[in-house]
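Structure record follows, encoded as structure tokens.
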Amino acid sequence: AIVLSFSLLAVWVQATTPIKSDFRAAADYVMTHRQPATPIMFQMPYVRHTFDYYFAGEYVALEGLWSNDGKTEAQVEEEMARLLASYPSVWLVASESWLWDSRDLTRAWLDQHARLTKTASFALVDVYRYDLRDLEPASQEN
């Protein structure tokens, strides 16, 4: 009876715990809420292939910064500012981002230099929309 109880518990856990990223829902959310000129940044770039399968339409894709090579915060600051300089807003699609940016420096930069306007979480995928307009650089903030 004890072994059977543990087996049933294991079957229940396996049936109720998502193990597959829900890019279908993430792509649908971004398609529903996105303005046409807004780029989409992928924080784990290879997830773009799965996202593209479910996303209908054209968009500018940006590769999130790889900081696991020891980039300093100053380097991330410079690269993010250059990457996003011409955009008024950006979507960030994050899945398995610790493999690409274990210190979460991309999100930290966005949180510091942009205003988070939308967020949604799906199984193993998070999406964020940041407004980059009318914000002062961090070096001028008090």
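Heavy atoms only: backbone and side chains are in, while hydrogens, waters and symmetry mates are out. Small disclaimer: the values here were computed from a predicted structure and weren't measured. For reference, positions follow the sequence shown, starting with 1.
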Please list, chain by chain and in numerical order, all residues satisfying side chain to side chain contact (heavy atoms under 4.5 Å, CB included) with Ser21, sequence neighbours excluded. Phe23, Ser95, Leu124, Val125
Closest non-hydrogen contact found for Ala27 with Tyr54 is CB-CB, 3.7 Å
Does Leu116 share a hydrophobic cluster with Val127, counting links as ILVMFWY side-chain heavy atoms below 4.5 Å and allowing steps through other members? no
Stacked cation flag Arg107 on Tyr128, 6.0 angstrom / 45 deg: yes
Going by heavy atoms in the side chains, are Trp91 and Tyr59 under 4.5 Å from each other? no
Trp66: ring pair (Phe, Tyr, Trp, His ring centres under 6.0 Å) partners, not counting sequence neighbours: Trp100
Just how far is it from atom CG of Asp111 to atom OG1 of Thr106, taken to the nearest 0.5 Å? 10.5 Å
Drop me the distance from Arg133's CZ to Arg115's CZ, to the nearest 0.5 angstrom. 7.5 Å
Same apolar cluster: Phe122 and Tyr46, side chain cutoff 4.5 Å: yes
Is the CD atom of Glu78 crowded by more than 12 outside heavy atoms at less than 6.0 Å? no
Restricting to non-hydrogen atoms, name the atom on Lys71 and the atom on Leu105 that form the minimum distance, rounded to 0.1 Å. O-CD1, 4.1 Å
Nearest heavy-atom approach of Glu63 to Met41 is C-CG, 4.2 Å
Are the side chains of Val30 and Thr38 in contact, using a 4.5 Å heavy-atom criterion? no
Restricting to non-hydrogen atoms, name the atom on Asn68 and the atom on Leu99 that form the minimum distance, rounded to 0.1 Å. ND2-O, 3.0 Å
Any side-chain heavy atom of Val76 within less than 4.5 Å of one from Asp101? no
Quick one: do Val93 and Met80 end up in the same hydrophobic cluster if we chain Ile, Leu, Val, Met, Phe, Trp and Tyr together by side-chain heavy atoms under 4.5 Å apart? no
Rounded to the nearest 0.5 Å, how far does NZ of Lys118 lie from OG1 of Thr32? 10.5 Å
Salt bridge Arg24-Asp22, side-chain N to carboxylate O under 4.0 Å: no
Co-membership, hydrophobic cluster, residues Tyr53 and Val47, 4.5 Å side-chain: yes
CD (Glu73) with more than 12 external heavy atoms under 6.0 Å: no
Do Asp131 and Ser89 pass the side chain to side chain donor-acceptor pair (under 3.5 Å) test, and can you show the C-alpha distance, the side-chain angles, and the key distance before you say yes or no? CA-CA 4 Å; Asp131 188 350; Ser89 60; 5.8 Å; no
Check ring pair (Phe, Tyr, Trp, His ring centres under 6.0 Å) between Phe51 and all other residues, then give those that pass, not counting sequence neighbours. Phe42, Phe55
Can you tell me how far apart CG (Leu92) and CG (Leu110) are? Round to the nearest 0.5 Å. 6.0 Å
Distance check, rounded to the nearest 0.5 Å: Arg48 atom CZ versus Leu62 atom CG? 9.5 Å
Checking Arg103 side chain against Ser67 main chain: does a donor-acceptor pair fall under 3.5 Å? yes
Hydrophobic cluster membership, Ile40 vs Tyr87, 4.5 Å side-chain cutoff: no
To the nearest 0.5 Å, tell me how far Leu65 CG sits from Glu77 CD. 11.0 Å
